[in-house]
Protein chains: 2
Amino acid sequence: MSGRRAGTREGTQKHVDGRKARGERRRNEIIDATLRVVERDGIAGVTHRTVAREAGVPTASTTYHFATLDDLLIATLISCAQAMATEVYWMIDRARSREGLRRAGEGGPSAADEVSRLLAEALGPRRGRTMAEYELYLLAARRPALRPAARRWLDVLTSMMRHDDDVAFRVFLAGIDGLLIQGLIDDEPPTAEELRPVVDYLLTPR
Amino acid sequence: MSGRRAGTREGTQKHVDGRKARGERRRNEIIDATLRVVERDGIAGVTHRTVAREAGVPTASTTYHFATLDDLLIATLISCAQAMATEVYWMIDRARSREGLRRAGEGGPSAADEVSRLLAEALGPRRGRTMAEYELYLLAARRPALRPAARRWLDVLTSMMRHDDDVAFRVFLAGIDGLLIQGLIDDEPPTAEELRPVVDYLLTPR
DNA sequence: CAACTATCTGGACGATCGTCTCAGAATATC
DNA sequence: GATATTCTGAGACGATCGTCCAGATAGTTG
């Protein structure tokens, strides 16, 4: 991506980035700001001005880097899907190594524990983010160009998780999505303990 | 447009409806028009003017019956949820009687057949409607006041379908939602035959 | 019939929207 | 240094938005 900078956030150095890098950084800042706006107010709250205010940049900066509001939303969905896929990637990686430890005889958390904890997190502290993801998901339903990006986290899961039974795995994926979207209209987010038996059932082969 | 058409479902008589009845009819026409707009252009496309144009009424008529745009969306979601719940009710009722026939020895379609056919329908011919429902679903995630209405079809299913195992049933509901929302970002809607094994797995106990 | 009132509507208001323009600041290349 | 390119940022434009309101219309009631 930016290639020049060390961290995602702005560093302390000045005048070291080239024009290209600065432009790309601002582009990313705008995308991040857009995602924050979607988390807070939904896609309906996304305007050039609200995004610019959130990012702390002038209005025209958003129109310079993203010719149209659609381009901005598209870039945000793609970035969001990318981040999600990366997260899922590392999450699975961690779970794998833990499972390795567990198999070595230690008895750590089971896969159902792991998944229900993640679901509870997505519906609790990360609720805004989860809502944003599903709003962008639904946006992809109306715009074919966005569908590959929207399918990305499903693809990552599919390619990374071992699954002997394709049908069972598809049911698992659908169940996760269903539990998440149904959890979003619960008055209070379900706890990992409440989700545990459902996830367990979902993971039990038949 | 014409002041007193024969309503969508009312009789053809003139001058028999009181003021109250006329007002209520127009209210429903506006709600129906709103749902059509949501199906076609999404919630983002809902404005007083587009709804009024779709319903064939003057702009101010939408603001007269629904003080604010939020009221209009809320009324639409509630109406939509009600219609959905009613549909599900009769759908299950029909399936029940068919099952009765099948048990009598005839060998009709199985529950998995029935469900996958309905899913394929929701993702094919009724795709717009399904998208609209999930958009309103997600709207409920942001507005607590809408959640009871959004949960309604889940409640109808839960109260009508026999389920010995609560956990299994919850997995079933989540799976349906997940299959639907994932089907919305498929480039081409899945056929009932493709869905069949997944639904079958979903319905298989344990 | 006239008075009343719920219902309906055309038009207007200010706010906000997406997008564009353009002068000049910042930076790379020479 | 000088110059070309990229980016910033203040502001303006017309369009559309949500909402409101005064007047017209038409059932209802006395």
Side-chain angles (χ1 to χ4, degrees), chain A residues 2-5 10-11 13-34 37-38 40-76 139 143, chain B residues 1-5 7 10-11 13-34 37-38 40-76 139 143:
Chain A
S2 90
R4 204 77 172 275
R5 308 199 20 72
E10 69 274 6
Q13 302 175 341
K14 281 184 174 183
H15 294 137
V16 288
D17 296 339
R19 290 175 298 185
K20 204 97 176 185
R22 281 195 28 165
E24 210 155 320
R25 194 200 319 168
R26 175 149 285 196
R27 222 183 108 96
N28 289 331
E29 284 174 3
I30 292 175
I31 288 180
D32 290 348
T34 305
V37 171
V38 176
R40 196 194 328 120
D41 305 321
I43 290 185
V46 173
T47 72
H48 282 127
R49 289 170 174 83
T50 56
V51 168
R53 201 177 311 131
E54 175 71 32
V57 301
T59 304
S61 193
T62 62
T63 68
Y64 174 77
H65 290 282
F66 304 92
T68 165
L69 201 60
D70 259 24
D71 293 340
L72 179 53
L73 277 175
I74 288 173
T76 302
L139 187 67
R143 320 218 173 185
Chain B
M1 287 296 160
S2 65
R4 71 172 69 81
R5 307 188 310 96
E10 300 305 325
Q13 304 171 346
K14 288 181 177 182
H15 290 129
V16 290
D17 296 339
R19 290 176 298 186
K20 201 99 175 186
R22 280 191 26 168
E24 207 154 323
R25 195 195 322 167
R26 172 150 287 193
R27 224 184 106 96
N28 289 332
E29 285 174 2
I30 291 175
I31 289 180
D32 290 346
T34 305
V37 171
V38 176
R40 196 195 326 120
D41 304 321
I43 290 184
V46 174
T47 72
H48 282 125
R49 289 170 174 82
T50 56
V51 168
R53 203 176 309 132
E54 174 71 33
V57 301
T59 303
S61 191
T62 63
T63 68
Y64 173 76
H65 290 282
F66 305 92
T68 165
L69 200 61
D70 259 24
D71 294 340
L72 179 53
L73 276 175
I74 289 173
T76 302
L139 187 67
R143 321 220 173 182

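We use all heavy atoms of the structure for the numbers below, so side chains are in, but hydrogens, waters and symmetry mates are not. Reminder, nothing fancy here: chain letters follow the sequence lines and each chain counts from 1.
- The shortest distance between the side-chain N/O atoms of B:His48 and the OP1/OP2 oxygens of D:dC20 is not below 4.0 Å.
- Of the listed nucleotides (D:dG18, C:dT19, C:dT21), C:dT19 has the atom at the smallest distance from the side chain of A:Arg49.
- To the nearest 0.5 Å, atoms OG1 (A:Thr34) and CG (A:Leu69) are separated by 8.5 Å.
- Following rounding to the nearest Å, B:Arg53 (CZ) and C:dT9 (C1') show an atom-to-atom distance of 17 Å.
- Using a 4.5 Å heavy-atom cutoff, the side chains of B:Asp41 and B:Thr50 are not in contact.
- For A:Pro58, the side-chain atoms get nearest to D:dA10 when compared with the rest of D:dA10, D:dG18, C:dG18.
- The shortest side-chain heavy-atom distance between B:Arg27 and B:Phe66 falls under the 4.5 Å cut-off.
- Between C:dT19 and A:Thr68, a contact under 4.0 Å exists linking OP1 or OP2 to a side-chain N or O.
- Per the geometry, NE2 belonging to B:His65 stands 14 Å off P belonging to C:dA6, to the nearest Å.
- One can place CD1 of A:Ile43 at 14 Å from P of C:dG18, the figure rounded to the nearest angstrom.
- Distances were taken from every side-chain heavy atom of A:Tyr64 (C-beta onward) to each of C:dG18, D:dC7, D:dA10; the shortest belongs to D:dC7.
- Among all heavy-atom pairs drawn from A:Ala55 and A:Ile30, the shortest one is CB-CA, 4.4 Å.
- In this structure, A:Leu69 atom CG and C:dT16 atom P are separated by 17 Å, rounded to whole Å.
- The distance between atom CZ of B:Arg26 and atom P of D:dG27, rounded to the nearest whole Å, is 13 Å.
- At a threshold of 4.5 Å between non-hydrogen side-chain atoms, the residues B:Leu72 and B:Val51 count as touching.
- Separating the CZ atom of A:Phe66 from the P atom of C:dC20 is a distance of 15 Å, rounded to the nearest angstrom.
- Distances from the side chain of A:Thr63 to the nucleotides C:dT19, D:dT19, D:dT8 place C:dT19 closest.
- Checked against D:dG9, D:dC20, D:dG18, the side chain of B:Thr47 finds its nearest nucleotide in D:dG18.
- B:Ile30 places its CD1 atom 14 Å from the P atom of D:dG18, with the value rounded to the nearest Å.
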